[in-house]
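A short write-up of the structure that comes next.
Keep in mind it's a predicted model, so treat the numbers as computed, not measured. Every number for a ligand or one of its atoms is a count from 1 in the order of the listing.
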Amino acid sequence: MTGKLPFEALSVDTLAARLGANDALCSHIGKDTSRWKVREVGDGNLNLVFIVEGATGAAVVKQALPYVRLVGDSWPLPLKRSFFEYHALTRQEARAPGSVPAIYHFDESQALIIMEYLSPHIILRRALIEGRQLPNIARDIGLFMARTLFRGSDLHMATKDRKADLALFADNVELCDITENLVFSDPYFDAKMNRHTSPQLDSIVAELRADRDLKVEAQRLKHIFAANAETLLHGDLHSGSIMVTATETRMIDPEFAFYGPIAFDVGMLLANFWMAFFSQRGHEQDGKRDTMRAYLLDVTVDTWSVFRTEFSHLWRTERTGMLYQKSLFEDQGDRLGAEQALDHMLHQVWTDMLGFAGVEVHRRILGLAHNADFETIADEDLRATCEAKALKFGRHIAVNRRQIHSIDEVNKLAALIEQENRI
Ligand code: SR1
Ligand code: MG
């Protein structure tokens, strides 16, 4: 296939004929297409994903569709998100080597990326629902966030390069628009595509939508999201965008990448650990999940600590950009000034991270795009109980974020809310 053909969606039946002459794919899986086995495995909200196995290996072929798969062709979505995903993956690999799948080929006109098949990896969300404790995720994700978020910013990059990159990713308008609406606005009014566990949550939802402080806070966070072009974000860093084995962790799916606030990726990620925590009560049919709950809170502590430590290390060793330049601090013998600025910056990330986490929790329960942590709880009363606790927690950390000073404080609150009304 050349890159010049008009876009055409792949299917299990056409993939071998269409990609059989692709050198990159053939070099990884073998060129005898009669031995190729193709499976469509995409269960995400937006794209087609195929696993192609050949005589000598396997690969993933991911293709964007010209619409939102979750909703259908009534919601068109540009193919160029595949371009942003490809460019984000190359930058993430450069800034945090080994943290993303290897890219074999990118075809812009077909909006497809051929990449490494991660096996035996599974989606982190699924592992957490199953009650599996992965020992390395806090370290791996904490390092990934610190390295990509620091090295993609004006703290590290030459400002000319950062501005060029900022311009490139500024065109990812439609995916930003999804986040701007689905995360920051839709949950807080009766938007058309919203849904929630009803009638169980009806009165709580009405209360939240009438909560002026919460609405104002959500809009302040949206303002930060839209106006603070601090670094290249993953943009959708939830537990469904991470693949794991017992010892390995890889980040996938950065099609929402754009220049935004450092705190956004961190907040979205931690929100997903806190949602996993609140959903555990719904997955206790095979035994109590007390140790899993403790593990999940430990993961939030460790992820934040690894992020902070690595970010601080990079601040001291790789601060080569135009912000807080060493010529003003260390070079003047003012190491303490640089530390004071670092403290200030981490404090801002902390405060905003809590806000982003709070609204992420809300949108997964009140908006269009729910998550499997809660959705797989078949008993609706039990699901609603878990969701109600998460909503309460999300509201507290979003609205009171400036008064919360440590992750232990956040986790004590989570544990308290989780224990409420337990028999
Ligand atoms: C219409 S897309 C809904 C959600 O799916 C993606 O994974 C993002 O999280 C987006 O908000
Ligand atoms: Mg995705």
Side-chain angles (χ1 to χ4, degrees), residues 40-50 60-89 92 100-101 111-113 115 118 121-126 141 144 172-188 191-196 218 221-222 225-226 233-244 250-258 260 264-273 275-276 356-375 394:
E40 215 273 288
V41 293
D43 61 355
N45 294 331
L46 300 179
N47 307 298
L48 290 171
V49 182
F50 301 92
V60 163
V61 176
K62 177 172 178 181
Q63 187 178 39
L65 289 166
Y67 54 85
V68 175
R69 181 184 169 138
L70 174 69
V71 175
D73 53 14
S74 62
W75 187 347
L77 198 62
L79 298 172
K80 66 184 178 189
R81 62 186 188 274
S82 176
F83 170 91
F84 297 115
E85 176 163 356
Y86 166 70
H87 284 288
L89 284 166
Q92 290 167 347
V100 298
L112 70 83
I113 303 172
M115 64 185 118
L118 298 172
H121 301 63
I122 62 166
I123 292 287
L124 174 57
R125 196 186 298 288
R126 199 178 112 203
I141 307 170
F144 170 81
N172 203 3
V173 180
E174 292 78 5
L175 273 78
C176 286
D177 180 76
I178 289 180
T179 306
E180 286 151 8
N181 287 307
L182 263 48
V183 175
F184 296 103
S185 289
D186 288 6
Y188 304 107
K192 210 167 113 211
M193 290 181 296
N194 284 349
R195 65 189 172 85
H196 62 260
L221 290 158
K222 185 176 184 177
F225 176 83
L233 299 177
H234 177 286
D236 198 26
L237 193 59
H238 53 75
S239 50
S241 297
I242 298 171
M243 299 200 68
V244 293
R250 303 279 195 102
M251 281 26 90
I252 61 168
D253 278 4
E255 64 204 316
F256 284 78
F258 86 111
F264 183 75
D265 276 358
V266 187
M268 180 176 273
L269 192 261
L270 292 187
N272 277 266
F273 289 140
M275 284 188 278
F356 291 128
V359 295
E360 166 69 4
V361 169
H362 285 171
R363 72 94 169 217
R364 294 291 184 189
I365 297 170
L366 307 178
L368 165 73
H370 288 221
N371 62 26
D373 308 61
F374 296 121
E375 293 294 288

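Defined by atom type and a distance below 3.5 Å, a donor-acceptor pair is missing between the side-chain atoms of Arg69 and Asn45.
Scored by the salt bridge (Lys or Arg N to Asp or Glu O under 4.0 Å) test, Glu360 finds Arg363, Arg364 as partners (sequence neighbours excluded).
Ranking the protein heavy atoms by distance from atom 11 (O) of ligand 1 puts Arg363 NH1, 2.7 Å first. What sits closest to atom 4 (C) of ligand 1 on the protein, heavy atoms only, is Asn45 ND2, 3.4 Å. If you check which protein heavy atom lies closest to atom 1 (C) of ligand 1, you get Val68 CG1, 3.6 Å. Taking atom 7 (O) of ligand 1 as the reference point, the nearest protein heavy-atom neighbour is Asp236 OD2, 2.8 Å.
Contact annotation for Met268 and ligand 1: no heavy atom of the residue comes within less than 4.0 Å of the ligand. By the criterion of a heavy-atom distance under 4.0 Å, the side chain of Leu46, and not its backbone, is placed next to ligand 1. With a 4.0 Å heavy-atom cut-off, ligand 1 is reached by the side chain of Ile178 but not by its N, CA, C or O.
Ring geometry for Phe184 versus Phe225: interplanar angle of 30 to 60°, hence tilted.
What you find for Phe356 and Leu221 is that their closest heavy atoms are CE2-O, 3.5 Å. Residues Pro254 and Glu85 share a closest heavy-atom pair of CD-CG, 3.7 Å.
Considering backbone and side-chain N/O of Arg364, one or more are found under 3.5 Å from N/O of ligand 1.
The main-chain N or O of Met275 is never found under 3.5 Å from a side-chain atom of Asp373 such that the two would form a donor-acceptor pair.
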